Amino acid sequence: MKASWDIFCSVVDNYGDIGVTWRLARQLVAEHDQAVRLWVDDLGAFVRLCPEADRQAAQQRQAGVEIRQWPAPWQPVEPADVVIEAFACALPETYIAAMAARPNKVLWLNLEYLSAEDWVEGCHGLPSLQANGLSKFFFFPGFTPGSGGLLRERELLAQRRAFQADPAAQEAFLRSIGVEPVTGARRISLFAYENSALASWLDALASASQPSQLLVPEGRILSDLQAWLGGVPLTVGTALQRGQLHIQVLPFVRQDQYDRLLWCCDLNAVRGEDSFVRAQWAGRPLLWHIYRQEEAAHLEKLEAFLTLYKEGLSPAAGEALSGFWRAWNGGEELADDWQALLKSWPELAEHAENWCLQRASQVDLAEALVLFYLNWL
Ligand code: TRH
């Protein structure tokens with residue numbers, strides 16, 4: 001059944017808010033034949049993910065999605081059948097009034113941030129009665145069957161497996177984004193916020209017996225990388241070697257190219273929400289730099305995820321993983337944690353694929369939203 005959807009995205013910072021909503025919007029169109037409008041208040045952030053988009057256009061169509069500049073002040077429009085406010089962004093008052101006045105009822109959802117905490121299952125799908133008589137439902141993405149699931153396109157894992165089984169395709173892809181693959185090196189992608197733990201990790205990689213190739217998309221971590229390199233200017237395409245460590249700065253690429261980069265690497269350092277999920281679909285070990293929250297609430301989220309992710313790992317591998325992730329997120333010296341992690345590497349690599357397969361057996365977030373709507377009707 002074809003329904004109309006309005007997805008509202010307010011870009012708080014970085015690319016996660018728009019990254020998640022743009023991915024969801026495309027999937028609702030491509031896989032569920034829904035009519036989707038995506039309202040974005042910062043088209044500049046959108047253009048980084050979708051370079052062919054026009055950052056000035058009030059209205060444009062990309063990948064079958066109607067992209068709307070979220071106007072200020074708001075211009076009245078007819079509300080859609082399903083309205084999603086992403087990450088509790090505040091909808092325009094007049095739009096809410098129009099939802100209440102609409103003859104056909106509207107499903108109003110707040111799409112929440114991703115968390116592995118226990119309480120998520122209990123809160124997922126709960127309604128909250130609003131002052132105007134409408135109910136707003138809380139939709140929680142998550143890692144367990146009682147949650148709203150994770151964004152995962154239908155063909156994603158098949159595409160990923162075919163790509164990982166094809167070394168020539170990987171090499172061609174890497175070259176297309178300017179990477180000269182280093183034979184025999186452990187390949188690592190690095191996407192993170194500023195992090196004082198980086199220097200100790202780079203020291204360990206540079207003095208290791210095995211070579212590593214570190215691929216760093218342009219972004220916030222470059223300042224720490226530059227400091228470790230003694231102030232060498234870093235721009236897209238910069239390639240340097242320090243001991244056994246080969247470093248290359250990459251452009252910020254399209255979302256689908258970023259997936260391929262993750263699929264090419266043995267370890268992916270990711271951050272936020274969307275890259276974190278994509279690294280899990282890559283089926284390779286990952287390192288998560290969690291988005292910092294007030295009162296260190298993010299540390300509880302980190303521990304909740306570790307608890308879930310470590311199920312099935314030996315105690316030694318589980319401790320190595322936790323130690324490495326905690327040191328990274330605490331900005332601490334992590335050379336010893338890295339050595340401990342390497343000792344458990346084969347087990348962690350196998351576990352990453354198993355974790356991916358288990359999560360992929362659950363309903364994905366876009367489908368869960370469509371089912372939620374059909375049940376609600
Ligand atoms: O950019 P992030 O840190 O985003 C967020 C937001 O800050 C948000 O406010 C916060 O709540 C959330 O984190 C937890 O990290 P994230 O979520 O991984 O988003 C990055 C997006 O950028 C993701 O869709 C992948 C994409 N990307 C590319 O498309 N190309 C690239 O080269 C890279 C490095 C990333």
Side-chain angles (χ1 to χ4, degrees), residues 7-27 38 40-42 44-53 62-63 85-89 110-117 140-142 150-153 156 173-174 176-179 188-195 214-222 225 234 236-237 248-265 268-282 286-294 296-302 304-305 328-329 365-366:
I7 302 177
F8 287 85
C9 172
S10 168
V11 176
V12 177
D13 63 358
N14 304 322
Y15 303 106
D17 313 292
I18 185 62
V20 166
T21 49
W22 169 228
R23 197 182 287 294
L24 170 64
R26 274 179 296 165
Q27 204 185 342
L38 175 59
V40 188
D41 66 355
D42 175 2
F46 176 64
V47 166
R48 290 304 301 280
L49 299 185
C50 180
E52 58 273 36
Q62 297 292 344
E85 54 178 51
F87 313 120
C89 66
N110 178 25
L111 177 62
E112 290 283 350
Y113 285 108
L114 174 63
S115 173
E117 288 161 295
F140 281 88
L150 300 169
L151 281 172
R152 171 176 45 82
E153 297 80 3
L156 183 71
F173 165 71
L174 287 170
S176 77
I177 56 167
V179 175
I188 303 172
S189 75
L190 174 61
F191 181 46
Y193 308 114
E194 296 77 6
N195 194 325
L214 189 71
L215 303 176
V216 194
E218 254 185 316
R220 291 171 55 177
I221 193 73
L222 282 191
L225 180 60
L234 296 178
V236 170
Q248 188 155 355
V249 180
L250 307 185
F252 191 93
V253 293
R254 309 168 53 90
Q255 272 186 329
D256 56 333
Q257 290 181 311
Y258 182 62
D259 275 334
R260 278 169 178 71
L261 174 65
L262 298 174
W263 302 348
C264 284
C265 289
N268 292 301
V270 286
R271 72 184 202 192
E273 177 159 333
D274 193 51
S275 58
F276 172 52
V277 172
R278 303 315 276 186
Q280 293 169 54
W281 298 138
L286 68 151
L287 170 62
W288 186 24
H289 199 183
I290 191 168
Y291 186 75
R292 200 175 273 274
Q293 285 177 287
E294 276 171 26
H298 60 289
L299 295 180
E300 276 171 46
K301 280 171 88 168
L302 184 77
F305 181 78
W328 184 240
N329 282 284
L365 187 119

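Sequence positions, counted from 1, serve as the residue numbers for this chain. Start at 1 and go down the list; that is how both ligands and their atoms are numbered. The structure displayed is predicted, hence computed values, not measured ones.
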- Sequence neighbours excluded, which residues qualify as side chain to side chain donor-acceptor pair (under 3.5 Å) partners of Ser189? Asn268
- Chain-and-number sorted residues having a heavy-atom contact under 4.0 Å with ligand 1 are Val12, Asp13, Asn14, Tyr15, Gly16, Asp17, Gly19, Leu49, Tyr113, Phe191, Tyr193, Pro217, Phe252, Val253, Arg254, Gln255, Tyr258, Arg271, Gly272, Glu273, Asp274, Ser275, Tyr291
- Flag if over 12 foreign heavy atoms under 6.0 Å of CZ, Arg292: no
- Item | Proximity of Tyr15 and Phe252 rings by center, below 6.0 Å | yes
- Query: Under 30°, 30 to 60°, or over 60°: which ring-plane class applies to Phe276 and Trp288, parallel, tilted or perpendicular?
  - Reply: parallel
- Query: Taking Glu194 for the side chain and Ile221 for the main chain, is one N or O donor matched with an acceptor at less than 3.5 Å?
  - Reply: no
- Task: Give, for atom CD of Glu273 and atom CG of Leu150, the distance between the pair rounded to the nearest 0.5 Å.
- Result: 9.0 Å
